[in-house]
Amino acid sequence: MIEILSTSALATVQDLGRLGSLRYGVGTSGAMDPLALRAGNLMLGNDENAAAVEIPVFPFQIRFTADCAFALSGADCAARLDAQTLLPWSVHQARAGQTLHLAPPQSIDAPALLRTSRAYLTLAGGIDVPDLLESRSTQLRGQFGGHEGRALRKGDCLRAGEPGIGKRAVGFGIVPPAVDMPLQVEGMNAVRVLPAAQYESFTEDSQATFWSEPWKITAQSDRYGYRLAGTTLIPKVPMEILSHGIVPGVIQVPHSGQPIIQMRDAQPSGGYPKFGTVIEADMWRLGQAPIGSQIRFIKVGWDEAVAALAQTQDWLHELRRLIELQQWSHGRA
Amino acid sequence: MSLPRISLLGTTALLFEAPGGLDLVTQQRIWALARIAQRWPEIREAVPGMNNLMLTFRTLPHVLSTLNTRLLQAWNEAQPMPLEGRCIELPVVYGGEGGPHMQDVVNHTGLSIDDIVALHSAPTYPVYALGSHPGYCYLGGMDPRLATPRRKVPVLSIPAGAVSIGGSQTGVSASAGPSGWSTIGSASMQFFDPHQTPPAILLPGDSIRFRVEKVIQ
């Protein structure tokens, strides 16, 4: 249904992740911005866990080889369908032969805080790739899942689950979650963190620094992990830790004292000291934080972390309601 | 006796760490605890590590202390569960091109290549846990004389089948990828197939024996 025209690598097929095979050594993979993925699927009437194309490198171009409804979400990439300009976070009907072009995410006219980095292209019925170990996400290390277990290349063709001209409403958009649920500290994007097992084993200065200073997302950051640069974090005594399970969001501090946040392609186990964990409710914010930008950490406890997740669920609930309204009025028109 | 430790991995999981050092009897209790916790409705997956257990949440427990109390009680009652696993014999070519860091292990341990091969291929290694990458087995029981610290600079990619030593642990890579361990040999075996159920060929309770196929000095 779609053919990849760009040579730029690193675009992958992702759903919400492979959550139940950690005990076989299989990391979760999945969308770096799960909220954008869900929103794209909701606009199309898909299962929220349907697979989409995650695009981190621009410009990016595809051609529709058949009629198909699609949604765009995540980064605002000044999308064009042939000559028609499309709004971000919107749903459309493509005709066979049309080309979709995504430009590098724009920061013009938007505050720098809302700069984003990953776009999601969702097709009606989801991207039709095999379900392996209960997910369609690409497992890069294991070379399975997604499209042939690898990043997409020029010439690859992907099928939609429900191609054709749909009966549902298209041509509408939604308000992005970064606008509805902003979270910043002193003009920088922020994420909330629960302290982890070795937090108390770092010096009090290091503990204070972690919450009060900005952290730069370095160029050595990708779907596996974000390597941060800032003031060196120093343990009170050197630590030797036995290998144990870890999850995306865990902030490890290797011997260099520069933290690494585990992201969606992280391995499912590790042994470096753990300073804290970015809460699940804020992983989408991190997934959209551009390389070179600075972020701040906010310390929270369990109750605040649970409340944050509830807020995200409320946002999704409201989105489902708005989309139902849209479909209802479309049905009456 | 010191107590187990429970800590949070954000809102995604919690980590249970058994007191004391690494040994097979404690690990057998970890397996037993994993089997119990896997049945709890709020738990998505119970994932054994080395002397520890991670529980990922399907639904968030609103009161953590209730879950912690239940976990500690289950641990106290957990009996070592010896798993009747299979033993796989794995032919290994030690040294040479497939074992590029053999000399580092020689330098660190002060042992000869022949001694290292003899000590490394002597035990039957129980699979304690899986992790790191699909199908990778954490093995227990390496001779402590072979212990070699992790490399200061990790190797960008070691091939599938690399037999390596990291600290007091040893293992075999199931697929190519970066590693901070020292590679002393190579084996050929497919450890993982996502189309099979279960997808991993070896599971906790199984064991590996390394058979010396060849030693390249």
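Because the structure is predicted, anything quoted here is derived from the model rather than measured. Atom set for the values below is all heavy atoms of this structure, side chains included, hydrogens, waters and symmetry mates excluded.
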Review point. Would A:Ser256 and A:Gln258 count as having a side-chain donor-acceptor pair, cut-off 3.5 Å?
Key: no

Point to revise | Engaged part of B:Ala174 at the chain A interface, taking heavy atoms whose separation is under 4.5 Å | key: neither

Check your understanding: Which atoms of B:Phe57 come close to chain A, meaning under 4.5 Å heavy atom to heavy atom: side chain ones, backbone ones, both, or neither?
Key -> side chain

Review point. Which region of A:Leu19, side chain (C-beta onward) or backbone (N, CA, C, O), has a non-hydrogen atom less than 4.5 Å from a non-hydrogen atom of chain B, or is it both or neither?
Key: both

Review point. Tell me, side chain or backbone of B:Pro149 under 4.5 Å from chain A's heavy atoms, or both, or neither?
Key: neither

Review point. Of the backbone (N, CA, C, O) and the side chain (C-beta and beyond), which part of A:Val250 lies under 4.5 Å from a heavy atom of chain B, both, or neither?
Key: side chain

Check your understanding: chain B heavy atoms under 4.5 Å from A:Tyr24: which part of the residue, side chain, backbone, both or neither?
Key -> both

Check your understanding: Which one of B:Leu22, B:Leu55, B:Leu60 has the most heavy-atom pairs closer than 4.5 Å to chain A?
Key -> B:Leu60

Check your understanding: Which residue out of A:Gly276, A:Ala266, A:Gly20, A:Pro248 racks up the most heavy-atom pairs below 4.5 Å with chain B?
Key -> A:Gly20

Check your understanding: So, B:Thr69 and B:Thr66: side-chain donor and acceptor under 3.5 Å apart, yes or no?
Key -> no

Check your understanding: B:Leu53 versus chain A, heavy atoms under 4.5 Å apart: side chain, backbone, both or neither?
Key -> neither

Check your understanding: Between B:Trp181 and B:Tyr138, how do the two ring planes meet: parallel, tilted or perpendicular, split at 30° and 60°?
Key -> tilted

Review point. Does any heavy atom of chain A fall under 4.5 Å from the side chain of B:Met50, the backbone, both, or neither of them?
Key: both

Review point. Do A:Arg264 and A:Thr28 meet the criterion of a side-chain donor-acceptor pair at a distance under 3.5 Å?
Key: no

Review point. In terms of side-chain heavy atoms, does B:Thr170 have a donor or acceptor partner in B:His120 at a distance below 3.5 Å?
Key: yes

Revision key, fill the gap. So, the part of B:Ala129 with a heavy atom under 4.5 Å from chain A: the answer is neither

**Study point:** Beyond-backbone contact of B:Gln38 with B:Arg44, side-chain heavy atoms, under 4.5 angstrom
**Key:** no

Check your understanding: Got a donor-acceptor contact below 3.5 angstrom from the A:Arg141 side chain to the B:Ala176 backbone?
Key -> yes

Review point. Is the closest side-chain donor-acceptor distance between A:Asp15 and A:Ser137 under 3.5 Å?
Key: yes

Review point. Judged by modelled atom types alone, do A:Glu48 and A:Asn41 share a side-chain donor-acceptor pair under 3.5 Å?
Key: no

Check your understanding: Heavy-atom distance under 4.5 Å to chain A: side chain of B:Arg58, backbone, both or neither?
Key -> neither

Review point. Where on B:Leu8 is there a heavy atom nearer than 4.5 Å to chain A: the side chain, the backbone, both, or neither?
Key: both

Review point. For A:Leu194, is it the side chain, the backbone, both, or neither that has a heavy atom closer than 4.5 Å to a heavy atom of chain B?
Key: side chain

**Study point:** For chain A, the option from B:Pro199, B:Ala200, B:Cys137 that forms the most heavy-atom pairs under 4.5 Å
**Key:** B:Pro199

Point to revise | Axial cation check for B:Trp40 ring with B:Arg70, 6.0 Å and 45° limits | key: yes

Revision key, fill the gap. Per-residue tally against chain B (heavy atom, under 4.5 Å) across A:Leu132, A:Ile246, A:Val193, A:Thr277 peaks at A:Thr277

Study note, to complete from the structure: Honestly, the part of A:Gln139 sitting under 4.5 Å from a heavy atom of chain B is side chain

Review point. Are B:Asp23 and B:Gln27 linked by a side-chain donor-acceptor pair shorter than 3.5 Å?
Key: no

Review point. Counting only heavy atoms not in A:Arg227, do more than 12 fall under 6.0 Å of its CZ?
Key: no

Practice item. Using non-hydrogen atoms and a 4.5 Å limit, figure out which bit of A:Leu22 sits close to chain B: side chain, backbone, both or neither. Key: both

Point to revise | Side chain, backbone, both or neither of B:Thr56 within contact of chain A (heavy atoms, under 4.5 Å) | key: side chain

